[in-house]
Novice: 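Once you've had a glance at the structure underneath, I'll fire off some questions.
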Amino acid sequence: MRTHRAGELGADDAGSRVTVAGWVQRRRDHGGVEFFDLRDASGLIQVVVDPEEHPSVHDLRMEFCVRVTGEVRRRPEGTENPELPTGDVEIGAADIEILAPSKTLPFMLDDRRDVDEMVRLKHRYLDLRRPRMAANLRARSKATAAIRRTLDGEGFLEVETPTLVNSTPEGARDMLVPSRLQQGEFYALPQSPQLFKQLLMISGVERYFQIARCYRDEDSRADRQLEFTQLDLEGAFWAEDDVLDTIETVLAEVVRDLRGIEIATPFQRLTWRDAMNRFGTDKPDLRFAMEITDLSDVFADTGFGVFSSALEDDGTVKAINAGPQEWPRSRADAITDRAKELGAKGLVWVVVEEDGAVRSPVAKFFSDTETKGLIEQLDAGPGDVILIAADKWRTVVDVLGGLRLDLGRPQGHAELAFLWVVDFPLFEEDEDGEITFSHHPFTSPASIDQMRDDPENAISRAYDVVLNGVELGSGSIRIHDPDVQRQVFEILGIDEETAERRFGWFLEALQYGTPPHGGFAFGIDRLVMVLQNEPSIREVIPFPKTQSGQDPMTGAPTWVEPIQLRELGVELGAEAKLRKEASPSPEPADTQTD
RNA sequence: GGGAGCGUAGAACAGUCUGGAGUGUUCGCCGGCCUGUCAAGCCGGAGGUCGCGGGUUCAAAUCCCGUCGUUCCCGCCA
């Protein structure tokens, strides 16, 4: 079919007769001579055509699929294109064959222009021809290759686990699959292979990994899809450092292959509490400072009611120095609205003037000592804008952490800042005041005694890896003692009968000489997104879904034939029926009979 | 579930605030000219349910209400 790949031709090939095949990128018609760029997966080569000899060149349009035979020759002096790797040479066409014409394109395959994502997704196969997207596909493949190479070298076994599994009410919403053979019963698609990989430790695998598709039926975001891919791994006879070392090795290898740089290991480690206090998040972006500063001492005796009541109420007063900012009223209002969205009741802003005085709607409530202390604590200079929040501790750090990102986060991901966040709390309170696990219920506590006596302050043996403020993944040392596992369920308010019903099979497995073990999982989509400097996970997923979970190309999800539902013992509810009547277009014709 | 932005030709936009004939720009498409371009250039042409529905008005892309789609965010995401 072809003798060479287009992008690999060079001066060495001058004089040889070659056949290449690919797509017409651009045609340039000069009347007496015509050029077109032929693109294949390896790159571009310019083809020169004499239209007298080959009148069919007039028919070529963008993205026609063609095969060209001809002689490679050096370009005439002065017409070389230094922008192209193949720019020293060109092919003088002796034969041009149109393998497949193309319809007029629905959008230009051009990285210089942003096309509406809906249009791109409708024709994703064309979108993926664009250099940027083709590079993302390659980067992803290189990432998984690096992962497999590294882990294979370390003696890991790649094992597949089922994708039709049990539903569990904990955690995210499950994607459900109705069973035909067991009518009325459902499988769930896995949110992660968590319990299966623990079972593999009991099975004696010792070192497991899998590049696993995971499913969580929650609302999408720029960095979240309904289905996503994780590197999932687990090791027996492992403690924290074994897991962390392995992950650092894998990440360093992927970064080396995708970015061509060495990253420093071991990564910096922050405890969860330090991360929250200094950056207001459990996934800090360390590429910039703007750290949160505590002002509880400065305002300990303040007459300003908002601060004093927060402090009396066991809360705190903290601030960030946002640095020099344009600060018109409209911006102050917008930032205050954002603070409220993040959970604040309000926001105090203070601008430091040239003369060291402060401008703020509430400056009159501050004593001179307080103003002085404020400026000192935040190391504020003329022009700096200080944002102060006063409330419960968690609210204050959440709000300031969010504002810190809005005001200081670098664009893109030129720089890479990895870190570990460790010493997560074992449990947390949900909004109803119920105690719930903060990682997952199979995470080992740091101290069993503390877990029993003081669950609210208990620390877990869980850790997250964070890159540029993106949570790449998390892991933990697991519980390998069935009694400890039962106790955790008990603290979580899962009674013995329920635990037995849902996890009895797993508690049973734990009783057969389970080795101490731990592991990790990180999102490959997110990692590649950052390394490729993409703003959204969708740019590195070949066929993603929209925010509403639809695929504009295939139309998924769709209505199904009534008989399919009958076979499954499933019926549409009233609301679903209304929707179906209102938008019957995706409905397949009901040609089935009983 | 909620908030915000966006929706005008095949694509990307301007026009919307302050209502007055579907007006315009770039790319693509169709035709013509052109022998060294590489985002070729020049000339000509076609192409529009201004997302959809309703309202206000003598008159709506523009104002109002509703709705659909999409993106970002809050909630949610062990």
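First the proteins, then the strands, lettered A, B, ... as listed; each starts at 1. The shown structure was predicted, so the numbers you read here are calculated from the model rather than taken from an experiment.
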Novice: Please tell me if A:Thr546 has a side-chain N or O lying less than 4.0 Å from either OP1 or OP2 of B:U70.
Specialist: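 For B:U70, OP1 or OP2 has a side-chain N or O of A:Thr546 closer than 4.0 Å.
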
Novice: To the nearest Å, give me how far apart CG (A:Leu38) and P (B:C38) are.
Specialist: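 Atom-to-atom, A:Leu38 to B:C38, this comes out as 19 Å.
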
Novice: Categorize A:Ser192 for me: base, sugar-phosphate, or nothing, with a 4.0 angstrom heavy-atom threshold over every strand shown.
Specialist: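 The answer is base, as A:Ser192 lies within the cut-off (heavy atoms under 4.0 Å) of a base atom.
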
Novice: When you measure from the side-chain N and O atoms of A:Gln547 to the phosphate of B:C72, is any distance below 4.0 Å, counting only OP1 and OP2?
Specialist: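 So the side-chain polar atoms of A:Gln547 do come within 4.0 Å of the phosphate oxygens OP1 or OP2 of B:C72, strictly under.
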
Novice: Whole angstrom is fine here: how far is it from CG in A:Leu126 over to P in B:G28?
Specialist: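 Taking atom P of B:G28 as the reference, CG of A:Leu126 is at 17 Å.
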
Novice: Go through B:U35, B:C73, B:C38 for me and flag the one nearest to the A:Asp37 side chain.
Specialist: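 From the listed options, B:C38 comes nearest.
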
Novice: Ring centres of A:Trp420 and A:Phe520 under 6.0 Å apart?
Specialist: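 Yes - the distance between ring centres of A:Trp420 and A:Phe520 falls below the 6.0 Å cut-off.
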
Novice: Is a side-chain donor-acceptor pair under 3.5 Å present for A:Ser476 with A:Arg478?
Specialist: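 Result is yes, a qualifying pair exists.
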
Novice: Under a 3.5 Å cut-off for both distances, is B:C76 Watson-Crick or wobble paired, and to whom?
Specialist: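 B:C76 is unpaired by these criteria.
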
Novice: Considering every strand shown, what is the Watson-Crick or G-U wobble mate of B:U35 when both distances are under 3.5 Å?
Specialist: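 Checking every strand shown, B:U35 finds no partner, since no pair has both distances under 3.5 Å.
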
Novice: Between A:Glu539 and A:Arg120, does at least one N-O distance fall below 4.0 Å, as a salt bridge requires?
Specialist: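 So A:Glu539 pairs with A:Arg120 through a salt bridge.
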
Novice: Round to the nearest Å and state the distance from A:Asp50 atom CG to B:G36 atom C1'.
Specialist: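 Rounding to the nearest Å, CG of A:Asp50 and C1' of B:G36 are 13 Å apart.
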
Novice: Is the distance from OP1 or OP2 of B:U71 to the nearest side-chain N or O of A:Arg120 less than 4.0 Å?
Specialist: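 Checking A:Arg120 against B:U71: no side-chain N or O falls below 4.0 Å of OP1 or OP2.
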
Novice: Can you find an N or O donor on one side and an acceptor on the other, under 3.5 Å apart, linking the side chain of A:Asp217 with the base of B:C77?
Specialist: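 No.
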
Novice: Can you give one letter per nucleotide of nucleotides 2-13 of chain B, going 5' to 3': B for a protein heavy atom under 4.0 Å from the base, S for sugar-phosphate only, - for none?
Specialist: --------SBS-

Novice: Using the rule for Phe, Tyr, His and the six-membered ring of Trp, do A:His30 and B:G36 stack at under 5.5 Å and under 30°?
Specialist: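 Per 5.5 Å and 30° rule: no stacking.
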
Novice: Please tell me which of the listed nucleotides, B:C72, B:C76, B:G36, lies nearest to the side chain of A:Ser536?
Specialist: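 In terms of side-chain proximity for A:Ser536, the closest of B:C72, B:C76, B:G36 is B:C72.
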
Novice: Using the C1' atom as the point on both nucleotides, what is the distance between B:C64 and B:G24, in whole Å?
Specialist: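 Taking atom C1' in both B:G24 and B:C64, they lie 28 Å apart.
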
Novice: Please evaluate the base of B:C77 for a donor-acceptor partner in the side chain of A:Arg224 within a cut-off of under 3.5 Å?
Specialist: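 By the distance-only test, yes, there is a pair.
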
Novice: How close do A:Pro542 and A:Arg124 get, counting heavy atoms only, and between which atoms?
Specialist: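 Heavy atoms only, the tightest pair is O-NE, 2.7 Å.
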
Novice: Between A:Arg61 and B:C30, is there a side-chain N or O to OP1/OP2 distance below 4.0 Å?
Specialist: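 Yes, A:Arg61 has a side-chain N/O under 4.0 Å of OP1/OP2 on B:C30.
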
Novice: Any donor-acceptor pair under 3.5 Å joining the side chain of A:Glu34 to the base of B:U35?
Specialist: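 It does not, because no donor-acceptor pair links the side chain of A:Glu34 to the base of B:U35 below 3.5 Å.
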
Novice: Using a strict 4.0 Å threshold on nitrogen-to-oxygen distance, state whether A:Asp88 and A:Arg75 make a salt bridge.
Specialist: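 A:Arg75 and A:Asp88: not salt-bridged.
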
Novice: May I ask you to say what A:Glu80 touches in the nucleic acid, namely base, sugar-phosphate or nothing, with a heavy-atom cut-off under 4.0 Å?
Specialist: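 If one applies the 4.0 Å heavy-atom cut-off, A:Glu80 turns out to touch a base.
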
Novice: Need the pair for B:U25. Rule: Watson-Crick or G-U wobble, both distances under 3.5 Å, any strand; none if unpaired.
Specialist: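 Across any shown strand, B:U25 pairs with B:A12.
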
Novice: Would the base of B:U37 count as contacting A:Arg27 through its side chain, where contact means a donor and an acceptor less than 3.5 Å apart?
Specialist: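 For A:Arg27, whose side chain was compared with the base of B:U37, there is no donor-acceptor pair (under 3.5 Å).
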
Novice: Both distances below 3.5 Å, Watson-Crick or wobble geometry, any strand: find the nucleotide opposite B:U18.
Specialist: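 Result: none.
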
Novice: Choose from B:G1, B:U35, B:C73 the nucleotide whose nearest atom is closest to any side-chain atom of A:Arg221.
Specialist: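 Nearest to the side-chain atoms of A:Arg221, counting from C-beta on, is B:C73.
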
Novice: What is the distance, to the nearest angstrom, from the CZ atom on A:Phe35 to the C1' atom on B:A39?
Specialist: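 Answer to the nearest Å: 15 Å.
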
Novice: Using a cut-off of strictly less than 4.0 Å, decide whether A:Gln550 has a side-chain nitrogen or oxygen near OP1 or OP2 of B:U70.
Specialist: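 It does, given that an N or O in the side chain of A:Gln550 lies less than 4.0 Å from OP1 or OP2 of B:U70.
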
Novice: Is there a side-chain contact between A:Arg538 and the phosphate of B:C72, meaning an N or O under 4.0 Å from OP1 or OP2?
Specialist: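 Yes, because at least one side-chain N or O of A:Arg538 sits under 4.0 Å from OP1 or OP2 of B:C72.
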
Novice: Which base sits across from B:U70 as a Watson-Crick or G-U pair, both distances under 3.5 Å?
Specialist: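 The answer is B:G5, by the H-bond criterion.
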
Novice: Does B:G48 pair with anything, Watson-Crick or G-U wobble, both distances under 3.5 Å, and if so, with which nucleotide?
Specialist: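 In the structure as shown, B:G48 has no Watson-Crick or wobble partner.
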
Novice: What is the distance, rounded to the nearest whole Å, between atom CD of A:Gln46 and atom P of B:A40?
Specialist: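 Computing the A:Gln46:CD to B:A40:P distance gives 11 Å.
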
Novice: Using a 4.0 Å heavy-atom cut-off, does A:Glu90 contact any base of the nucleic acid, only the sugar-phosphate backbone, or nothing at all?
Specialist: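 The residue A:Glu90 makes base contact.
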
Novice: At 4.0 Å (heavy atoms only), tell me whether A:Arg26 reaches a base, stays on the sugar-phosphate, or touches nothing.
Specialist: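 Touches sugar-phosphate only.
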
Novice: For B:C63, what is the paired nucleotide under Watson-Crick or G-U wobble rules, both distances under 3.5 Å?
Specialist: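 WC or wobble partner is B:G55.
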
Novice: Whole angstroms only, please: what is the CG-C1' distance between A:Asp59 and B:C30?
Specialist: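 From A:Asp59 CG to B:C30 C1': 13 Å.
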
Novice: Expressed in angstrom and rounded to an integer, what is the separation of A:Phe36 atom CZ from B:G36 atom C1'?
Specialist: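 To the nearest whole Å, that distance equals 16 Å.
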
Novice: Between A:Tyr463 and A:Phe424, is the ring centre distance below 6.0 Å?
Specialist: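 Aromatic pair excluded; centres sit 6.0 Å or further apart.
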
Novice: Under 4.0 Å between a Lys/Arg side-chain N and an Asp/Glu carboxylate O for A:Arg132 and A:Glu534?
Specialist: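 Looking at A:Arg132 and A:Glu534, the cut-off is met.
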
Novice: Hey, what's the ring geometry for A:His440 with A:Phe442, parallel, tilted or perpendicular (30° and 60° as the breaks)?
Specialist: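 Answer is tilted, since the angle falls between 30° and 60°.
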
Novice: If you measure only the distance, is there a donor-acceptor pair under 3.5 Å linking the side chains of A:Tyr187 and A:Asn166?
Specialist: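 Looking only at side-chain atoms, A:Asn166 and A:Tyr187 do not form any donor-acceptor pair under 3.5 Å.
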
Novice: Could you check which of B:C29, B:C76, B:G75 has an atom nearest any side-chain atom of A:Met62?
Specialist: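 Of the options given, the side chain of A:Met62 lies nearest B:C29.
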
Novice: Applying a 4.0 Å non-hydrogen cut-off, can you work out what A:Ser548 is touching in the nucleic acid: base, sugar-phosphate, or nothing?
Specialist: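 Result for A:Ser548 = sugar-phosphate.
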
Novice: Identify whether the distance between the nearest side-chain nitrogen and carboxylate oxygen of A:Arg461 and A:Glu240 falls below 4.0 Å.
Specialist: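 Counted as a salt bridge, because a side-chain N and a carboxylate O are separated by less than 4.0 Å.
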
Novice: When you measure from the side chain of A:Arg28, which nucleotide among B:G36, B:A40, B:C74 comes out closest?
Specialist: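 In terms of side-chain proximity for A:Arg28, the closest of B:G36, B:A40, B:C74 is B:A40.
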
